[in-house]
Protein chains: 2
Amino acid sequence: MGISKTEIFTEDQNTIAAFAKAFAHPARVAILQHLFKIDSCICGELVNEIGLAQPTISQHLRELKQLGLIKGSVEGTSVCYCIDAKNWEKMKKTMAQFLDQDIVSKENCC
Amino acid sequence: MGISKTEIFTEDQNTIAAFAKAFAHPARVAILQHLFKIDSCICGELVNEIGLAQPTISQHLRELKQLGLIKGSVEGTSVCYCIDAKNWEKMKKTMAQFLDQDIVSKENCC
DNA sequence: TATATTAATCGTAATATTGCAATAAAACAA
DNA sequence: TTGTTTTATTGCAATATTACGATTAATATA
């Protein structure tokens, strides 16, 4: 139905899915990569850097901000965004726990 | 427009987004976790384990299979799925490269 | 062969996501 | 104050995703 049945999954599973969703669009990947690359924070520069309209970028930024992966601070008329290092580390731990799982038995049916 | 402008992004960015999309739903996270946990491969057991209808699980399995993260082999009337260890490692490398980025300068505007 | 079992596919409804034009809001400058 | 710049919000169209009932396909068994 286009709606995920979040209630039947564990909190852990929903958290992983929520973080993964943040990276599930190339524009958000590009935004994050740019924020990592540029030593000073960015603003509407992202609109030029990435080839999407300003409202679209703004929308992606809001999603990343709501998840806590980036922070924004107003600088005059522009807004400066950067990675929230603390939360990024927390996210990394959660994702690593999921991604670094080991297969119990190597010899299966497949 | 509900359609990602994949053509304006790098192959790397699209690849990361595609992998992330695989984990962007708790059902697929649950499926993968179960495949990791159970030493022998699973089939329709996943339908019982996870509380979703058989066609829904089948759909999620197909997505994971298309991405190459899991393999499936027919065992009589049932189908046995398991993690594709090789591709999982490749995916992990791609994701790690993205997740393990370091911020150039710690002191920014934010 | 007929029947059961299991999984894939089809079709469809409900909801979510992506993208942007238009507009509003906020901060500064003249 | 008036205009300028920058970003957020609103509203909407196009497309994607999620979920499942019904059906089909494939295999095994009686």
Side-chain angles (χ1 to χ4, degrees), chain A residues 1-9 13-14 17-31 34-35 41-67 70-82 109-110, chain B residues 1-9 13-14 17-31 34-35 41-67 70-82 109-110:
Chain A
M1 300 178 186
I3 185 169
S4 309
K5 289 193 163 177
T6 53
E7 70 278 6
I8 67 170
F9 301 104
Q13 288 161 348
N14 283 312
F19 279 137
K21 203 173 277 184
F23 312 133
H25 192 287
R28 290 192 292 271
V29 171
I31 287 171
H34 197 72
L35 289 180
C41 273
I42 322 293
C43 6
E45 198 184 302
L46 287 160
V47 177
N48 298 320
E49 190 66 27
I50 302 163
L52 292 172
Q54 179 266 318
T56 309
I57 296 292
S58 198
Q59 200 172 283
H60 284 306
L61 285 169
R62 190 173 57 178
E63 284 174 61
L64 293 171
K65 201 173 160 191
Q66 276 174 341
L67 250 183
I70 63 173
K71 291 187 286 189
S73 60
V74 179
E75 302 257 322
T77 55
S78 55
V79 178
C80 186
Y81 284 101
C82 63
C109 47
C110 308
Chain B
M1 301 185 188
I3 184 168
S4 309
K5 288 193 163 179
T6 53
E7 69 279 4
I8 67 170
F9 301 104
Q13 288 161 347
N14 283 311
F19 280 137
K21 202 172 277 184
F23 313 133
H25 193 287
R28 290 191 292 270
V29 171
I31 287 172
H34 197 71
L35 290 180
C41 274
I42 322 293
C43 4
E45 199 184 300
L46 286 160
V47 177
N48 299 320
E49 190 67 27
I50 303 163
L52 292 172
Q54 179 266 318
T56 308
I57 296 291
S58 199
Q59 201 171 279
H60 284 306
L61 286 169
R62 189 173 56 176
E63 283 175 60
L64 293 171
K65 201 174 162 191
Q66 276 174 340
L67 250 182
I70 64 172
K71 291 187 286 189
S73 59
V74 179
E75 302 258 320
T77 56
S78 54
V79 177
C80 187
Y81 283 101
C82 64
C109 49
C110 307

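Each chain gets a letter, A, B and so on, in the order the sequences are listed, and its residues count up from 1.
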Could you state the atom-to-atom distance from [atom1] of [X] to [atom2] of [N] in whole Å?
X: B:Leu61; N: C:dA7; atom1: CG; atom2: P; result: 10 Å
X: A:Ile50; N: C:dG19; atom1: CD1; atom2: P; result: 11 Å
X: A:Ile70; N: D:dT7; atom1: CD1; atom2: C1'; result: 13 Å
X: B:Lys5; N: D:dA16; atom1: NZ; atom2: C1'; result: 17 Å
X: A:His60; N: D:dT9; atom1: NE2; atom2: C1'; result: 16 Å
X: A:Glu45; N: D:dT5; atom1: CD; atom2: C1'; result: 16 Å
X: A:Gln54; N: D:dT4; atom1: CD; atom2: C1'; result: 15 Å
X: A:Glu63; N: D:dA8; atom1: CD; atom2: C1'; result: 14 Å

Check whether any side-chain N or O of [X] sits under 4.0 Å from OP1 or OP2 of [N], and answer yes or no.
X: A:Lys21; N: C:dT17; value: yes
X: A:Arg62; N: D:dT9; value: yes
X: A:Ser58; N: D:dA8; value: yes
X: B:Tyr81; N: C:dT6; value: no

Have a look at A:Thr56 and say if it touches a base, only the backbone sugar-phosphate, or nothing, with a 4.0 Å heavy-atom cut-off. base
Closest contact, heavy atoms only, [X] versus [Y]:
X: B:Ala18; Y: B:Leu67; answer: O-CD1, 3.5 Å
X: A:Lys21; Y: B:Ala24; answer: CE-O, 3.5 Å
X: B:Ala27; Y: B:Ile50; answer: O-CD1, 4.1 Å
X: B:Val29; Y: A:Gln13; answer: CG1-CG, 3.9 Å
X: B:Leu52; Y: B:Val47; answer: O-CG1, 3.6 Å

So which nucleotide from D:dT7, C:dA8, C:dC20 ends up closest to the side chain of A:Gln59?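 For A:Gln59, the side-chain atoms sit closest to C:dC20.
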When you measure from the side chain of B:Pro55, which nucleotide among C:dG19, D:dG21, C:dA7 comes out closest?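 Closest of the options to the side chain of B:Pro55: D:dG21.
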Mapping A:Gly44 and B:Arg28 onto DNA chain D by nearest heavy atom, which one lands closer to the 5' end? A:Gly44
Would you mind telling me which residue lines up with the more 5' stretch of DNA chain D, A:Phe9 or A:Lys65, judged by nearest nucleotide? A:Lys65
Please list, pair by pair, any protein nitrogen or oxygen found under 3.5 Å from a nitrogen or oxygen in nucleotides 24-30 of chain D.
none

At what distance, to the nearest 0.5 angstrom, does OG1 of B:Thr6 lie from NE2 of A:His25?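 Taking OG1 in B:Thr6 and NE2 in A:His25, the distance rounds to 9.0 Å.
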Heavy-atom nearest nucleotide on DNA chain C for B:Thr6 versus B:Ile57: which residue maps closer to 5'? B:Ile57
Counting only N and O atoms by type, is there a donor-acceptor contact under 3.5 Å from the side chain of B:Arg28 to the main-chain atoms of B:Glu63?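 No; judged by distance alone, with no hydrogens or angles, the pair does not exist.
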Note, A:Thr56 side chain near A:Gln59 side chain (heavy atom, < 4.5 Å): no
